[in-house]
Student: 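One structure follows; several queries about it will come next.
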Amino acid sequence: ESTPSRAFDNERNGNGQQTGGQQTGGEASDGSCRECGGDDEAPAKQTEPKAKTKTNSKTQPNPQPNEAAGKKRGLPRRQPAPDFPKDSVWLNTGGPLRKQDLKGKFVLLDFWTYCCINCMHILPELKKLEQAYPNELVVIGVHSAKFEGEKETKNIEDAILRYEIEHPVINDADHGVWNAFGVNSWPTIVLLDPEGLELGRHSGEFKFESMDAMIKELVPIYREEKLLDETPIRFELLAERQAKSALRYPGKIMTDDAGKRVFIADSNHNRIVVAGYDGTLKMVIGSGEIGQADGPLDKASFNHPQGMTLVENVLYVADTENHLIRKVDLASKTVSTIAGTGEQAKHPWPGLDDYADRFSETGKWPERWAGPPMKTALNSPWDLWFHDGMIWIAMAGPHQIWKMPLDQSEIGPYAGNGREDIVDGKLIPRQPYEMGYSSFAQPSGLTSDGKWLFVADSEGSSIRAVPFDNKQEVRTVLG
């Protein structure tokens, strides 16, 4: 019996939930978001963490094979998997699908919800897999809503277009598919083999390389057994029916009264559009191609930019899906990168990897967490605000508020213990993830009255207030 290496760290009955050191609800240590009720349900009270084994399932899941369900030839261990409900609402395809329709293909089920930052993070990894295995693999999105508004088919269709998803999606509004597969967190991926049996699953974020290594092992096995159907398959995508438009899902907007200008993050066109108050086009920043290129405005490239802030004649941009902060000199008409490495950060504590050895020797954490901007990885910066010589950053991925001085001497977290929750209190702990400090849930928008930084805390459906005076505490204003 063959057992290829696994990209999965949990079995059907285990689901990989890690409870030690983790709050009830919110984001788990594996980069997944536990189901924690609707909009009006208060998050569970934080408690002291229990000891737990260190894991890093976001980047390299720990392999665990499933139990066999009828061992056959040289195939890996597998187990039965349910079919899709007959009454499922299918989107981004010409009609409903059954497992039989996908016989001969590997099928990767992605259980997601469109508000979840962890779910957003794995979409590029899924796209890489689809491109690497166009004839062997079919990805099926199972949209199991967290909030009431996410159950609406039209809202899911908008999310499919906004996230540029190119595979079928089930509107699993009543969690029928979710329950049938025993899923308990977003995102969760489940891999079915060409005979429709489950090979394994993983909860939390993952990287393309881990899944790619496993599928590369599996494909020749199933090809040799003549179970793999490599006939090209295509679906009728929503994007194919969309008319061209001047803007495509613009994510943020900012005004400049002095220059009578409107700056628009034309997110899905990967550029910034500058217009006058009268609507006349003044400038386009970015070629429209996805990339990280610096240089002249028409050569520079972005990846779904979001928030901006203007300091004199310099525009700062949260280049969200590049995990970068970009600087646009409007006088010289050039774009440069000032923060981030271009790779998603694995954790929200700059210097932690280097500091771990010192901590084991001294037993002390640093007074504060900060690192050189160009050597510090970021995680989905979503909005920016300028105040008192500082650029303030809504860092959606690690659920924190960061800051960086204009001289670009350092960057690091200012508020939030890195746990996804709605918790008021002291700004930030010295010990990573320590309880008893403020927590945020995917902060995505910023504004200010000069004394407080107000935060749209998206996953928590709340508005938070972060003090510029570090002696004060974070509080919840609404929600």
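What you see is a predicted model; the values in this text were computed from it and never measured.
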Student: On the ring face of Phe440, is Arg464 found with NZ or CZ under 6.0 Å from the centre and within 45° of the axis?
Tutor: yes
Student: With ring-ring contact (aromatic ring centres under 6.0 Å, His included) as the test, pick out the partner of Tyr414 among Trp369, Trp402, Trp392.
Tutor: Trp392
Student: Over all heavy atoms of both residues, which pair between Tyr114 and Asn155 is shortest? Give the atoms and the distance, please.
Tutor: OH-CB, 3.3 Å
Student: In plain terms, say whether Asp83 and Arg98 are close enough for a salt bridge, that is, a side-chain N and a carboxylate O under 4.0 Å apart.
Tutor: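 A salt bridge links Asp83 with Arg98.
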Student: Give the minimum heavy-atom separation between Leu218 and Pro76, together with the two atoms involved.
Tutor: CD2-CG, 3.7 Å
Student: What are the two closest non-hydrogen atoms of Gly412 and Pro350, and how far apart are they?
Tutor: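 Smallest heavy-atom distance, with atoms named: CA-CG, 4.2 Å.
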Student: Do the side chain of Gln400 and the main chain of Gly416 share a donor and acceptor less than 3.5 angstrom apart?
Tutor: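 Indeed, once roles are kept as given, a pair shorter than 3.5 Å links the two residues.
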Student: Please name the pair of heavy atoms, one in Pro348 and one in Gly418, separated by the smallest distance, quoted to 0.1 Å.
Tutor: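 Reported closest heavy-atom pair: CG-CA, 4.5 Å.
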Student: Which value, rounded to the nearest 0.5 Å, describes the distance between Asn92 atom CG and His143 atom NE2?
Tutor: 13.0 Å
Student: Quick one: are the ring centres of Trp178 and Trp186 less than 6.0 Å apart?
Tutor: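 When the ring centroids of Trp178 and Trp186 are compared, they turn out to be within the sub-6.0 Å range.
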Student: For the residue pair Ser380 and His121, confirm or rule out a side-chain donor-acceptor distance under 3.5 Å.
Tutor: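 Distance-only check passes for Ser380 and His121.
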Student: Should we say atom CD of Glu343 is surrounded by more than 12 heavy atoms from elsewhere, each under 6.0 Å from it?
Tutor: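 Open.
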Student: Have Glu434 and Asn417 got a donor and an acceptor in their side chains that come within less than 3.5 Å?
Tutor: no
Student: Keeping the roles fixed (side chain from Thr320, backbone from Pro381), state whether a donor-acceptor pair exists under 3.5 Å.
Tutor: yes
Student: Does Glu230 form a salt bridge (Lys or Arg N to Asp or Glu O under 4.0 Å) with Lys105? I'd like the steps, not just the answer.
Tutor: CA-CA 7 Å; Glu230 298 181 75; Lys105 305 288 186 185; over 6 Å; no
Student: Any donor and acceptor pair, going by atom type alone, linking the side chain of Gln442 with main-chain N or O of Ile117 inside 3.5 Å?
Tutor: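 Judged by distance alone, yes, a pair lies under 3.5 Å.
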Student: Between Leu75 and Glu225, is there a side-chain heavy-atom distance shorter than 4.5 Å?
Tutor: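 Yes - at least one pair of side-chain heavy atoms lies under 4.5 Å apart.
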Student: Given side chains that start at C-beta, do those of Ile189 and Met211 come closer than 4.5 Å, heavy atoms only?
Tutor: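 Sidechains of Met211 and Ile189: in contact.
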Student: Checking the side chain of Asp319 only, and the main-chain atoms of Asn303 only, is there a donor and an acceptor separated by less than 3.5 Å?
Tutor: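 Checking the backbone N and O of Asn303 against the side chain of Asp319, a donor-acceptor pair under 3.5 Å is found.
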Student: Are Arg475 and Trp452 in a cation-pi contact, defined as NZ or CZ under 6.0 Å from the six-membered ring centre and within 45° of the axis?
Tutor: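 Positive - Arg475 is close enough to the ring of Trp452 and near enough to its axis.
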Student: With distance as the sole test, does Glu164 use its side chain to make a donor-acceptor pair with the main-chain N or O of Ile160 at under 3.5 Å?
Tutor: no
Student: Would the Phe235 and His167 ring centres measure less than 6.0 Å apart?
Tutor: no
Student: Is the shortest heavy-atom distance from the side chain of Arg248 to the side chain of Gln242 under 4.5 Å?
Tutor: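 With C-beta onward as the side chain, the pair touches.
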Student: For the pair Ser210 (side chain) and Phe208 (backbone), establish whether a donor and an acceptor sit closer than 3.5 Å, ignoring hydrogens and angles.
Tutor: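 A pair under 3.5 Å: no.
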Student: Would a 4.5 Å heavy-atom cut-off, applied to side chains only, mark Tyr249 and Asp158 as touching?
Tutor: yes
Student: For Leu199 and Arg77, which heavy atoms make the closest approach, and how far apart are they?
Tutor: CD2-O, 3.8 Å
Student: Have Ser144 and Asp172 got a donor and an acceptor in their side chains that come within less than 3.5 Å?
Tutor: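 On atom types as modelled, these side chains qualify, holding a pair under 3.5 Å.
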Student: I'd like to know whether Asn184 forms a side chain to side chain contact (heavy atoms under 4.5 Å, CB included) with Phe111, so could you lay out the CA-CA distance, the side-chain angles of the two residues, the decisive distance to 0.1 Å, and finally the verdict.
Tutor: CA-CA 10 Å; Asn184 70 352; Phe111 289 85; over 6 Å; no
Student: Just wondering, do Leu228 and Ile221 contact through their side chains at under 4.5 Å, heavy atoms?
Tutor: no
Student: Within a strict 4.5 Å, meaning less than it, do heavy atoms of the Pro413 and Pro398 side chains meet?
Tutor: no
Student: Could you walk me through whether Val107 and Leu137 satisfy the side chain to side chain contact (heavy atoms under 4.5 Å, CB included) test, starting with their C-alpha distance in whole Å, then the side-chain angles of each, then the deciding distance to 0.1 Å, before giving a yes or no?
Tutor: CA-CA 6 Å; Val107 177; Leu137 175 71; over 6 Å; no
Student: Taking Trp112 as the fixed residue, which of Ile165, Leu126, Asn118 is the one that meets the side chain to side chain contact (heavy atoms under 4.5 Å, CB included) rule?
Tutor: Ile165
Student: Within the distance-only criterion (no hydrogens, no angle test), does the side chain of Arg430 pair as donor or acceptor with the backbone N or O of Trp365 below 3.5 angstrom?
Tutor: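 Side chain of Arg430 to backbone of Trp365, a donor-acceptor pair under 3.5 Å: yes, one is there.
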Student: Between atom OG1 of Thr447 and atom CZ of Phe454, what is the distance when rounded to the nearest 0.5 Å?
Tutor: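 These two atoms lie 8.5 Å from each other.
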Student: Taking Ile463's backbone N and O only, do any of them form a donor-acceptor pair with Asp457's side chain (distance below 3.5 Å, no angle check)?
Tutor: no
Student: Between Phe181 and Arg201, is there a cation-pi geometry (under 6.0 Å to ring centre, at most 45° from the normal)?
Tutor: no
Student: Under 3.5 Å, is there a donor-acceptor pair between the His399 and Glu459 side chains?
Tutor: no
Student: Would you indicate whether the side-chain heavy atoms of Asp110 and Val142 approach each other to under 4.5 Å?
Tutor: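 The answer is no, as the side chains (C-beta and beyond) never meet within the 4.5 Å cut-off.
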Student: For Tyr133 and Asp212, test the side chains for any donor-to-acceptor distance below 3.5 angstrom and give the result as yes or no.
Tutor: yes
Student: With a 4.5 Å limit on heavy-atom distance, are the side chains of Ile393 and Leu378 in contact?
Tutor: no
Student: Say you draw a straight line from CD1 of Ile264 to CZ of Arg271; how long is it, rounded to the nearest 0.5 Å?
Tutor: 9.5 Å
Student: Could you go through the salt bridge (Lys or Arg N to Asp or Glu O under 4.0 Å) check for Glu125 and Lys128 one step at a time?
Tutor: CA-CA 5 Å; Glu125 310 307 313; Lys128 291 176 188 175; 3.7 Å; yes
Student: Please tell me whether Asp353 and His347 have a donor and an acceptor in their side chains that are separated by less than 3.5 angstrom.
Tutor: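 His347 and Asp353 do have a side-chain donor-acceptor pair below 3.5 Å.
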Student: Does a donor on one side chain sit under 3.5 Å from an acceptor on the other, for Glu150 and Thr113?
Tutor: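 Thr113 and Glu150 do have a side-chain donor-acceptor pair below 3.5 Å.
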Student: Is any side-chain N of the basic residue among Arg234 and Glu240 closer than 4.0 Å to the acidic one's carboxylate O?
Tutor: yes
Student: Rounded to the nearest 0.5 Å, what separates atom CZ in Phe106 from atom CG in Leu227?
Tutor: 9.0 Å
Student: Using only heavy-atom distances, determine whether the side chains of Glu321 and Gln306 contain a donor-acceptor pair under 3.5 Å.
Tutor: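 The criterion, which ignores hydrogens and geometry beyond distance, is not satisfied for Gln306 and Glu321.
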Student: Verify, without hydrogens or angle tests, whether Lys252 (side chain) and Leu384 (backbone) share a donor-acceptor contact under 3.5 angstrom.
Tutor: no
Student: Over all heavy atoms of both residues, which pair between Val177 and Ser88 is shortest? Give the atoms and the distance, please.
Tutor: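 What the structure gives for the nearest pair is CG2-OG, 4.5 Å.
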Student: For the pair Asp424 (side chain) and Thr476 (backbone), establish whether a donor and an acceptor sit closer than 3.5 Å, ignoring hydrogens and angles.
Tutor: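 The answer is yes, because a donor-acceptor pair under 3.5 Å joins these two groups.
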Student: Is a donor from one side chain sitting under 3.5 angstrom from an acceptor on the other, for Thr188 and Ser203?
Tutor: yes
